[in-house]
Protein chains: 2
Amino acid sequence: MKAQALHGHLDALLLAVLERGALHGYAIIEALRARSDGSLDLPTGTIYPALRRLERAGHVASTWSTVNGRERRTYELTDSGRRALAGERAGWREFSITVGRFLDDSPATPA
Amino acid sequence: MKAQALHGHLDALLLAVLERGALHGYAIIEALRARSDGSLDLPTGTIYPALRRLERAGHVASTWSTVNGRERRTYELTDSGRRALAGERAGWREFSITVGRFLDDSPATPA
DNA sequence: GGCTGACAAGTAGCGTTGCTACTTATGAAG
DNA sequence: CTTCATAAGTAGCAACGCTACTTGTCAGCC
């Protein structure tokens, strides 16, 4: 998938991934890649800052732990994050319907 | 609709609107508003620069005319623009499917 | 005549966002 | 001893759309 097309929807994706359970940053990247069949392969420079943004906003909370000598920061959805996710979903629905109205009806769509 | 969510898809919308026929800037804004039932009410500061971008890229061509003493710049899709639109449509399809996989299946979707 | 509002186009400057490229560090495999 | 997967991070950049503003004509109203 064309990169940098996520604009404005990355936060929603991160919240959606964390909805299924707490994960650390690296695992989030892998979850996004897996659940999108490889379409979404985001660099660390994209998601680490995004996670800190979400934490500053109070939508996720992080806890450090050491696994096999490697430092891990595990992120978890907060209540605020769950509410934000609901809003993002509503926003996505409206956005995709609206844009789809212009881009989905291709000039030659068969029945 | 939440503003600035268009990120990356505005060009596609403009091309899609012009696909149905040449329009001038102001009319494009109205067409977007009409076809989206008012969801898309873009300010002139958004679309005029965007149109110039598209013209620089060769996707649209403009011609000036004077109607009722008012200057109009009418934009028209070029062949390159038509090709770009096809690409944007394909990109949108992939994007909406991918993001939708995370945001459409809400945890409590009834049958 | 003077005012307001719709029509029509434009620019300057800002803030957000995601990306590229880079650094640091551990453990396993060769 | 080097390379690769795991794990986290930062600095700086470029793109995008928005706010706020300017310029100008024409129609309708008082």
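What you see below is based on every heavy atom in this structure, not just the backbone, and it leaves out hydrogens, waters and symmetry mates. Computed from a predicted structure; not experimentally measured. Letters go in sequence order (proteins before strands), and every chain restarts at 1.
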Tabulate atom names and distances for all N/O pairs under 3.5 angstrom spanning the protein and nucleotides 26-30 of chain C.
residue	atom	partner	partner atom	Å
dT26(C)	O2	R70(A)	NE	2.8
dT26(C)	O2	R70(A)	NH2	3.2
dG27(C)	O4'	R70(A)	NH2	3.3

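Looking at L54(A) and L18(A), their side chains never come closer than 4.5 Å, going by heavy atoms from C-beta outward. Residues L51(A) and I28(A) form a side-chain contact, since some pair of their non-hydrogen atoms from C-beta on lies under 4.5 Å apart. With contacts defined as side-chain heavy-atom distances shorter than 4.5 Å, the pair R72(A)/W64(A) does not qualify. Side-chain contact between L10(A) and L42(A): present, with at least one pair of heavy atoms (C-beta onward) separated by less than 4.5 Å. Side-chain contact between L85(A) and R89(A) is present, with heavy atoms from C-beta onward closer than 4.5 Å. Proximity of T98(A) to E94(A): side-chain heavy atoms (C-beta onward) are separated by under 4.5 Å at one or more points. Counting heavy atoms from C-beta on, the side chains of V99(A) and L13(B) come closer than 4.5 Å.
Near DNA chain D, meaning a heavy atom under 4.0 Å from it, residues 10-18 of chain B has L10(B) in order of number. Sorted by residue number, the members of residues 21-35 of chain A with any non-hydrogen atom under 4.0 Å from DNA chain D read H24(A), G25(A), Y26(A), E30(A). Applying a 4.0 Å cut-off to non-hydrogen atoms, the residues of residues 47-65 of chain B that approach DNA chain D are R53(B), listed by residue number.
In this structure, NE2 of H9(A) is placed 15 Å from P of dC16(D), rounded to the nearest angstrom. Protein atom CG of L42(B) is 15 Å distant from nucleotide atom P of dA9(C), rounded to whole Å. Counting to the nearest Å, the P atom of dG9(D) and the CD atom of E71(A) are 10 Å from each other. Between the C1' atom of dT17(C) and the NE2 atom of H7(B) lies a distance of 6 Å, rounded to the nearest Å. Rounded to an integer number of Å, the gap from CZ of F95(B) to P of dG18(C) is 10 Å.
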Counting only pairs under 3.5 Å, give me each side-chain donor-acceptor contact of residues 30-37 of chain B, with atom names and distances, residues two or more places apart or in other chains.
residue	atom	partner	partner atom	Å
R33(B)	NH1	D41(B)	OD1	2.9
S36(B)	OG	L32(B)	O	2.8
S36(B)	OG	R33(B)	O	3.3
S36(B)	OG	S39(B)	N	3.3
S36(B)	OG	L40(B)	N	2.9
D37(B)	OD2	R101(A)	NH1	3.0

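Set against dT17(C), dG10(C), dC19(C), the side chain of P43(A) has dC19(C) as its closest nucleotide.
Taking the charged nitrogens against the carboxylate oxygens, E88(A) and R93(A) have no contact shorter than 4.0 Å, which rules out a salt bridge.
Side-chain nitrogen and oxygen atoms of R72(A) include none within less than 4.0 Å of the OP1 or OP2 phosphate oxygen of dT6(D).
A side-chain hydrogen bond (donor to acceptor under 3.5 Å, both in side chains) check over residues 50-59 of chain B, counting only residues at least two apart or in different chains, returns the pairs D11(B)-R53(B), E55(B)-S62(B), E55(B)-R73(B), H59(B)-S80(B).
Considering CH2 of W92(A) and CD1 of I97(A), their distance stands at 10.5 Å, rounded to 0.5 Å. Going from atom CD of E19(A) over to atom CG of L15(A) covers 9.0 Å, rounded to the nearest 0.5 Å.
Taking the ring centroids of H9(A) and F95(A), they lie under the 6.0 Å cut-off.
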